[in-house]
Amino acid sequence: MTHSNTPVGTGTLVERDARHIWHPYTQMKIAAPPLPIVAARGAELIDEQGNTYIDTVSSWWVNLHGHAHPYIAERVHRQLMQLEHVIFAGFTHPPAVELAERLLAHLPEGQNRVFYSDNGSTAVEIGIKMAIQYFFNRGEKRRRLIAFEQAFHGETFGSMSASGDLSFNTAFESHLFEVLRIPVPVPGRQSEALWALEQHLKSGEAYAFIFEPLVLGAGGMIMYEPEVLSEMIAMCHRYGVLCIADEVMTGFGRTGRIFASNHLSEAPDIVCMSKGLTGGTLPLAVTSCTEAIFQAFYSEDKSKTFFHGHSYTANPVGCAAALASLDLLEKPESAADRERIAEQHRQFRQRIEQHPAVRATRQRGTILAVEFESEEATGYFNSLRDRLYAFFLERGLLMRPLGNLIYMIPPYCITNEQLQLAYDAMDAAFTHFLLPQKEEPA
Ligand SMILES: *Cc1c(COP(=O)(O)O)cnc(C)c1O
């Protein structure tokens, strides 16, 4: 029953939405109305009027092979007709077992156990809880997590705590646990970051270091090199501290390898995955770990159990979608697409680097970020962001500027022509909004 007097189903989709729906990361009073999307194909979203939008952000970084992919749909349908769900405590099923085996083949050396859940924040939460209880079960007291200053790890209290100084979390700050911070080892700050890490490790208080490998996503597409991360992981291991790779954004081919951790010479102990896991089809997450971590829980003593589980743990339909997505991801054509996109990005960077409004460009595999000069305060709340967002939508492009940068994390099926439309619009936006003589009145 609704509390308004409007009969159910009255008005347009957008009007009905405005009456009852609360959207994520949206100031509902001032935000533009949401776009009513009724279908999607490949890299394109289609609205009620038949307008199309190129999804350059893979619908919040989840989509890999294009929307409504017939192969994934067919595999999901087959699984739905066979077994839609079963409790995962005391039971198992083929898709969960097969997915564990196939994921481990791609994960860095040493990963040997898979724990299922259903979203990225939860995958991180589980990784943190595993690390804490690993030491607890061994009778060691360690209270602190180490994380990057601009980290983003999710929306739950543990993952918010692990996240760095982001303006979104202000209201909850006094409820978060304290984390030891270190700078991101971007070029020029590598020795500073290594030094800060070692100081925290020497304190003997840390149980784990959590990081987004090579690319920090929501913190501003900040990129750093695999060599320094390998060095940091090796340093943690010398002090007996666990390393948690949050691959929720970087996983499943975005950085050029299946996992960003595959670029490293030193392997993490725990890996968190979600977003691209099902190709963007269904919510599913995995936290994997080494056998050594698992062994700290493996006991006749019931108090050493990992007491964690969700209603939808290892949902068979989600696992089937993930298996279908892996089939597509492992094809040589998909690898060729990722290389093609990376090459297109490189050419665009060469073209745009000299633009007077461009401060810097960054790229890792299929992830592209262009930072622009801006007089306005940077960050999530600046109004330039909203104007840029609208500018791209008018041109049939879904792009979500982040602070003073525009980024792309496209699905691998995006065509060169679609990429070109996005590059040209970025170029036009820099000229239209950002060159001083073209500045719009405030
Ligand atoms: C998006 C994201 C998360 C949170 O995932 P959700 O599925 O949105 O809860 C965690 N870590 C990283 C690196 C992410 O990009």
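Order of listing sets the numbers, starting from 1, for every ligand and every atom in it.
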- Message: Could you go through Y207 and F136, starting from their C-alpha distance and side-chain angles, then the distance that decides it, and tell me whether this counts as side-chain contact (heavy atoms from CB on, under 4.5 Å)?
- Response: CA-CA 10 Å; Y207 55 86; F136 181 86; over 6 Å; no
- Query: Stepwise, does the side-chain contact (heavy atoms from CB on, under 4.5 Å) test hold for E125 with H153?
  - Reply: CA-CA 9 Å; E125 204 79 19; H153 295 292; over 6 Å; no
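Only backbone heavy atoms of H153 (N, CA, C or O) come within less than 4.0 Å of ligand 1; its side chain stays farther off.
The distance from ligand 1 to the heavy atoms of W61 drops below 4.0 Å at these ligand atoms: 15 (O). Less than 4.0 angstrom separates some heavy atom of M249 from each of these atoms of ligand 1: 15 (O). Listed by number with element, the atoms of ligand 1 under 4.0 angstrom from any heavy atom of E212 are 13 (C).
In this structure, W60 does not count as a contact residue of ligand 1, since none of its heavy atoms falls inside 4.0 Å of the ligand. E155 does not count as a contact of ligand 1, since none of its heavy atoms falls under 4.0 Å from the ligand. Residue-ligand proximity: K275 is placed with a non-hydrogen atom under 4.0 Å from ligand 1.
Here the two rings, on F297 and Y134, have centers that are 6.0 Å apart or farther.
The number of heavy-atom neighbours closer than 6.0 Å to CD of E353, taken from other residues, nucleotides and ligands shown, is above 12. The 12-atom threshold is not exceeded at CD of Q82, counting heavy atoms of other residues, nucleotides or ligands nearer than 6.0 Å. Counting heavy-atom neighbours within 6.0 Å of F91 CZ, excluding the residue itself, gives a total of 12 or less.
One side chain, Y407 or W61, offers a donor N or O that lies under 3.5 Å from an acceptor on the other.
Looking only at protein heavy atoms, the nearest one to atom 5 (O) of ligand 1 is G120 CA, 3.2 Å. At the shortest separation from atom 9 (O) of ligand 1 among protein heavy atoms lies S121 OG, 2.5 Å.
Summarising the contacts of atom 13 (C) of ligand 1 with T156, T250, I409, D246, the nearest heavy atom is found in D246.
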